[in-house]
Amino acid sequence: SKATVSVLNCPSATHRSVRTMVATGMTREKLEKMAQVARVGGVRRRHKAVRKSHSEVDTKLQQNLKKLGVSPIADIEEVNFVMENETVMQFRNPKVQASIQSNTYVVCGNSESKTLQDLVPSVMNQMAEAQ
């Protein structure tokens, strides 16, 4: 069914005719606004950005590491990276992969930033246990 409110179609009329298209909710005013903005070929639509998931990035990283020939190293409890500013990135129970031929080491896991003074007692304990 069409919903129609009709008024005379003369320019001096104070009321404009409003016609609603069947089941779309589109009015003549909306169509006119779209026609003013429209270009050749229709209304320009925004491009929807495609979001990459983290799993895609992880699989690509794993494929590239496989090309380098890295292999997992088991039973590593802790990895410490000492920076020049005397801070330490400490990884507990990391996943470590290495390729000796290409001099490549991969450490994956959660890290904590600590100062070198915080780690000295634990390093001394580890050295004492090793002897």
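Count residues from 1 along the sequence. Basis for what follows: all heavy atoms, side chains included, without hydrogens, waters or symmetry-related copies. Remember, it's a predicted structure, so these values are computed and weren't measured experimentally.
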Query raised in the report: At what distance, to the nearest 0.5 angstrom, does NZ of K66 lie from OG1 of T59?
Result: 12.0 Å
Report task. Check whether any side-chain heavy atom of T115 lies under 4.5 Å from a side-chain heavy atom of V88, and answer yes or no. Result -> no
Query - From NZ (K95) to CD1 (I76), nearest 0.5 Å - result: 13.0 Å
Query raised in the report: Between N64 and Q62, is any side-chain donor less than 3.5 angstrom from a side-chain acceptor?
Result: no
Query raised in the report: Per the side chain to side chain contact (heavy atoms under 4.5 Å, CB included) rule, which among I100, V79, V70, V96 passes with Y105?
Result: I100
Requested in this report: Starting at CE of M83, measure out to CE of M89 and round the result to the nearest 0.5 Å.
Outcome: 4.5 Å
Report task. Supply the atom-to-atom distance Q90 CD to D118 CG, rounded to the nearest 0.5 angstrom. Result -> 9.5 Å
Report task. Decide yes or no for T87 and K114: does some side-chain heavy atom of the first lie under 4.5 Å from some side-chain heavy atom of the second? Result -> no
Query raised in the report: Can you tell me how far OG of S102 sits from CG of L68, rounded to the nearest 0.5 angstrom?
Result: 5.0 Å
**Report entry** Heavy-atom neighbours of Q117 CD exceed 12 at 6.0 Å
**Finding:** yes
Report task. Could you state whether F81 and I73 fall into the same hydrophobic cluster, counting links through intermediate Ile, Leu, Val, Met, Phe, Trp or Tyr residues with side-chain heavy atoms under 4.5 angstrom apart? Result -> yes
Report task. Could you grab the distance from atom SG of C108 to atom CG of D58, nearest 0.5 Å is fine? Result -> 8.5 Å
Query - Closest non-hydrogen atom pair, G109 against F91 - result: O-CE2, 3.6 Å
